[in-house]
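Taking it in order: structure first as structure tokens, then the write-up.
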Amino acid sequence: AIAAPSTIHHPPSTIHMITLRKLEPTDIPFLYQWENDALSWPNSDNHNPLSQQDLRAYIESTTGDIYRDGQLRMVICQEGAAIGCIDLYDLDARNRKAGVGIYIAPAFRKQGAAGEALKQIEDYAFDFLHLRQVYAFTAVKNTDAVHLFEKAGYLPSARLTAWTLESDAILWQKVRL
């Protein structure tokens with residue numbers, strides 16, 4: 001099995017350097033804040049609050065090996081400070097695909113960090129893990145996410161009617177054969 005590197009680093013393509021790193025126990029305070037941001041729940045699969053103990057147990061149980069865990073969560077850092085998370089999830093090793101999800105703290109949105117983090121996780125997924133496809137689901141109403149995936153070159157593959165109580169959803173795919 002292949003473990004994720006502890007840090008993914010690329011030269012900056014935006015004003016501020018973005019790096020991705022593995023979760024650490026010291027991340028619990030801001031993970032607690034982000035996971036319990038109820039305003040973001042309609043755009044995610046989270047539907048209830050998480051405790052700090054829930055987050056501690058998750059960090060302790062994850063190995064950092066996407067093949068063992070089926071997922072990989074990385075912290076998005078800007079100039080060393082945590083500003084969000086990006087996940088590869090639902091790894092399908094046989095068909096070489098995984099979902100991607102991203103969260104940027106409200107104070108850091110619309111500054112290019114999401115696009116840079118997405119590019120870095122794609123490079124890891126395609127070049128290191130040798131996946132053929134990454135995909136994402138976005139609420140149609142989440143115009144920021146729709147714009148992010150359009151700009152990143154994802155193709156809208158399906159519109160999922162009444163996918164959530166709040167909105168239809170779009171399935172986005174990026175394929176490298």
Side-chain angles (χ1 to χ4, degrees), residues 1-93 96-131 134-138 144-145 148-149 152 174:
I2 299 172
S6 62
T7 303
I8 300 174
H9 173 77
H10 287 246
S13 62
T14 58
I15 296 172
H16 302 288
M17 181 174 291
I18 298 297
T19 56
L20 306 180
R21 66 166 174 77
K22 290 174 65 172
L23 285 173
E24 300 173 358
T26 56
D27 296 329
I28 291 172
F30 54 82
L31 288 173
Y32 180 76
Q33 181 180 12
W34 298 341
E35 291 288 350
N36 292 304
D37 178 1
L39 295 175
S40 294
W41 289 353
N43 298 317
S44 74
D45 287 334
N46 194 10
H47 305 290
N48 55 285
L50 295 176
S51 70
Q52 290 190 17
Q53 181 56 38
D54 294 333
L55 296 168
R56 184 174 293 105
Y58 171 74
I59 290 172
E60 290 172 357
S61 70
T62 188
T63 66
D65 182 336
I66 191 169
Y67 292 104
R68 189 171 296 154
D69 298 336
Q71 65 181 26
L72 175 68
R73 171 165 281 188
M74 302 290 280
V75 176
I76 302 167
C77 296
Q78 179 177 301
E79 298 177 353
I83 65 165
C85 290
I86 191 162
D87 302 328
L88 287 175
Y89 65 92
D90 287 342
L91 173 70
D92 179 342
R96 298 179 18 217
K97 64 183 177 181
V100 63
I102 189 166
Y103 176 86
I104 301 291
F108 299 96
R109 293 178 184 163
K110 298 186 180 195
Q111 299 175 22
E116 179 59 29
L118 187 58
K119 168 135 182 35
Q120 289 183 31
I121 204 78
E122 287 171 7
D123 289 346
Y124 174 72
F126 291 129
D127 300 336
F128 185 76
L129 298 176
H130 304 289
L131 299 183
V134 290
Y135 60 89
F137 294 93
T138 64
D144 291 339
L148 170 68
F149 287 104
K174 187 174 235 184

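Bear in mind that the values here come from a model prediction, so they are computed numbers and not experimental data.
With sequence neighbours left out, the side chain to side chain contact (heavy atoms under 4.5 Å, CB included) criterion links Leu23 to Asp27, Leu31, Tyr58, Ile59, Arg73, Val75. Scanning for side chain to side chain contact (heavy atoms under 4.5 Å, CB included) contacts around Asp90 gives Tyr135, with sequence neighbours left out.
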Problem set entry | Derivation and outcome, side-chain contact (heavy atoms from CB on, under 4.5 Å), residues Arg109 and Asp144 | CA-CA 9 Å; Arg109 293 178 184 163; Asp144 291 339; 5.5 Å; no

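Between the CG atom of Leu148 and the CD1 atom of Ile104 there is a distance of 8.5 Å, given to the nearest 0.5 Å. The distance from atom SG of Cys77 to atom CD1 of Ile83, rounded to the nearest 0.5 Å, is 8.0 Å. Note that the CG atom of Leu72 and the OG1 atom of Thr62 stand 7.0 Å from one another [nearest 0.5 Å]. Note that CD1 of Ile76 is 8.5 Å distant from CD1 of Ile121, once rounded to the nearest 0.5 Å. Between Ile86 atom CD1 and Glu116 atom CD the span is 10.0 Å, to the nearest 0.5 Å. Here CZ of Arg56 is found 13.0 Å from CG of Leu50. Values are rounded to the nearest 0.5 Å.
Leu129 is listed as a side-chain neighbour of Tyr67, based on a closest heavy-atom distance under 4.5 Å. In this structure, Met17 and Gln78 have side chains that are not in contact, with every pair of non-hydrogen atoms separated by 4.5 Å or more.
Minimum interatomic distance between Leu91 and Ile66 (heavy atoms only, all atoms of both residues): CD2-O, 3.5 Å. The minimum heavy-atom distance linking Tyr89 with Val100 is given by the pair CE2-N, 3.4 Å.
Judged by distance alone, the side chain of Asp54 and the main-chain N or O of Ser51 form a donor-acceptor pair under 3.5 Å. For the pair Asp69 (side chain) and Thr63 (backbone), a donor-acceptor distance under 3.5 Å is present. Proximity of a side-chain donor or acceptor of Lys174 to a complementary backbone N or O of Glu122 within less than 3.5 Å is not detected.
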